[in-house]
Protein chains: 2
Amino acid sequence: MVRAPAGKAPGSPLWLKLSSYVTLTRDETAFLLELERCVARQPARADLLRQGDRYGEASVLRDGWAIRHKALPDGRRQVVNFVLPGDIIGIYSNLFECADHSVTTLTPVEVASFPPERIVALFRGFPRLAAALAWSGAREEAMVAERLLSLGRRTALERVAHLIVELLRRLSVVNMAQDGHFTLPVTQEIMADALGLSIVHVNRTLRRLRDSGLVEVSGQRLTVKDVSQLAVVGQFDELYLHLIRAPDQLERAFSDHQAKRRTILSTDPT
Amino acid sequence: MVRAPAGKAPGSPLWLKLSSYVTLTRDETAFLLELERCVARQPARADLLRQGDRYGEASVLRDGWAIRHKALPDGRRQVVNFVLPGDIIGIYSNLFECADHSVTTLTPVEVASFPPERIVALFRGFPRLAAALAWSGAREEAMVAERLLSLGRRTALERVAHLIVELLRRLSVVNMAQDGHFTLPVTQEIMADALGLSIVHVNRTLRRLRDSGLVEVSGQRLTVKDVSQLAVVGQFDELYLHLIRAPDQLERAFSDHQAKRRTILSTDPT
DNA sequence: GCGGAACATTAACCTATGTTATGGCCCCCG
DNA sequence: CGGGGGCCATAACATAGGTTAATGTTCCGC
């Protein structure tokens, strides 16, 4: 897929992500760089956003891991998704009154924050970026929907296997995994909250996977020994990640538009 | 909230929904009406979209109920969300290769379909509409995330109660519920698939709710006798529906933009 | 008005997963 | 170098919810 230029100028994770949907122009690139100008660091276990708070700034995760999670009044908690570099936090902050979820770091992170008005500017001035953002939002929703399928209809073993394959895939795309192994800064407690299971049962289930030789774990290092087998166990169908697509589909949509517009309008039977 | 003009011209559910985010101009209204020009009917239990199929047209549900659902190869199924009038189906069809979910009608419906290029046109020519669409997409994702919390961390009783309150709220906004009662064209099987439970257990749970006098059911008519109590049982916190917001927040965002642009740019410390 | 399909209801029984409890390991801090 | 906190591991036991199966009910086509 996309190869990460070794940390150089436009190689921010957000830039990388969006440019896998459209080829970015110089102007668009400049706009994105400007967005990420104001960089800050946060330690692990810091809340970047707290459920119920008024929304403030929006930000881009540039480095590190975080989780998006929701809690019930009595403390039960559900991890909605893992936030990886290139993901945006609170993108619609100016449209929603309060945050309905929290975002908490799992590792030390680097975030770039910007005033939400920038998003409005983006919608006005950069329709292709806007569409790319909408695209990535839709993909994110697809991931949440897939997790919903897991919690609703997969067994514990299937869920764990599915999550591991999903993370492996997502991390591979951003060069954070090499041949089946990656760093997983996730305690079993957090995994439990992501999978709707108890800690103990996550532990049991992980053990089964280890015993059957499908994965190996040492500390935060996780190695998948047999991806295809693990994918079978987890009933993993990567449709939902929408990784397979004709390159530059959005690109083409935008240029086709000129050509097709006349046709469409002339079909009008008024 | 928004009162539905009695079926007259701009009163399409989509128009209504979007105009609760921004006050729509004449041009924008015209564009939306044109979108919904090509109307068709479908019976109950018809697939409007099938998981794995190549995406084709996009469409707007104008009347009736449908469900968005995903299935595992072995037939287990999860309902992701209920599709109500004003919701768009397959909005990003030109960006994704294949559908990762199905959409099936629960009642006879009226849908308007349009070529996906129209969405591109919309992003180019109507940034405010684009933002409104993004907004409603984000709200939809928020609903899926809340359902995820249900499946992961709420008990069966809580889930059922929560779902009923959610539907009541959503239907009230579009004038499809009056003082606590509404028509629910949903079998217990579908409810089970939405809540990650078995049919039998949905039945048991519904009975508990009836026995405790919180709801009444007769045929497809569902009456909530005590909303606030039911909301307590379901740990319902309507934050996620994002109904409470300053009116025309998006509106304001768009006009503020002009004013703030200068300030933001001048902050630039280059 | 009869037969059958689709759906709701209930009971009896079973199992996947949750709970509670205990011990071990590792690492950091004093 | 000793102690405590966070995390992992396992065992024993408890239960929410799943499964199977049998019976009703409603409605629709003929």
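All chains are named by letter (A, B, ...) in the order of the sequence lines, taking the proteins before the strands, and each is independently numbered beginning at 1.
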(message) Need one value for G219(A): base, sugar-phosphate or nothing, where a base atom within 4.0 Å counts as base even if backbone is also close, heavy atoms only.
(response) nothing

(message) Distance check needed: dG18(D) C1' versus R153(A) CZ, whole Å only.
(response) 10 Å

(message) Under 4.0 Å from OP1 or OP2 of dA9(D): is there any side-chain N or O of R207(A) that close?
(response) no

(request) Report yes if a side-chain nitrogen or oxygen of Q220(A) is closer than 4.0 Å to either non-bridging phosphate oxygen (OP1 or OP2) of dC7(D); otherwise report no. (result) no

(message) Just by distance, no angles: are the side chains of S228(B) and D226(B) close enough, under 3.5 Å, to form a donor-acceptor pair?
(response) yes

(request) Mark yes when over 12 heavy atoms from residues, nucleotides or ligands other than R41(A) sit less than 6.0 Å from its CZ; otherwise mark no. (result) no

(message) Between V200(B) and V186(B), which residue's closest nucleotide on DNA chain C lies nearer the 5′ terminus?
(response) V186(B)

(message) With heavy atoms of chain A within less than 4.0 Å as the criterion, where does contact along DNA chain C begin and end?
(response) dT17(C) to dT20(C)

(request) Assess the side chains of T104(A) and D47(A): does a donor N or O sit below 3.5 Å from an acceptor N or O? (result) yes

(message) I need the CZ-P distance between R210(A) and dT10(D), as an integer number of Å.
(response) 7 Å

(request) Using whole Å, report how far CZ of R154(A) lies from P of dG17(D). (result) 21 Å

(message) What I want to check is whether the side chains of R221(A) and T183(A) have a donor and an acceptor closer together than 3.5 Å.
(response) yes

(request) Taking atom types as modelled, find out whether H162(A) and E146(A) have a side-chain donor-acceptor pair closer than 3.5 angstrom. (result) yes

(message) To check you understand the geometry: which heavy-atom pair defines the closest contact between D100(B) and A142(A), and what is its length?
(response) OD2-CB, 3.4 Å

(message) Tell me the interatomic distance from E158(B), atom CD, to dA16(D), atom C1', rounded to whole angstroms.
(response) 12 Å

(message) Quick check for you: among dC7(D), dG17(D), dA9(D), whose closest atom lies nearest to any side-chain atom of R204(B)?
(response) dG17(D)

(message) What I'd like to find out is whether the side chain of H101(B) reaches to under 4.5 Å of the side chain of I67(B), using heavy atoms alone.
(response) no

(message) Looking only at side-chain N and O atoms, does E141(B) offer a donor or acceptor that is under 3.5 Å from a partner on Y92(A)?
(response) no

(message) To the nearest 10°, give me the bend of the helix from dG1(C)-dC30(D) to dG30(C)-dC1(D), comparing the axes of its five terminal pairs at either end.
(response) 40°

(message) If you assign each of N203(A) and L197(B) to its closest nucleotide in DNA chain D, which residue comes earlier from the 5' end?
(response) N203(A)

(request) In whole angstrom, give the distance that lies between atom CG of L206(A) and atom P of dC8(D). (result) 9 Å

(message) Whole angstroms only, please: what is the CD1-P distance between I199(B) and dA21(D)?
(response) 15 Å

(message) Side chains of S113(B) and E57(B): any donor to acceptor distance under 3.5 Å?
(response) yes

(request) Find which nucleotide of DNA chain C each of H201(A) and E189(B) is nearest to by heavy atoms, and output the residue with the more 5' nucleotide. (result) E189(B)

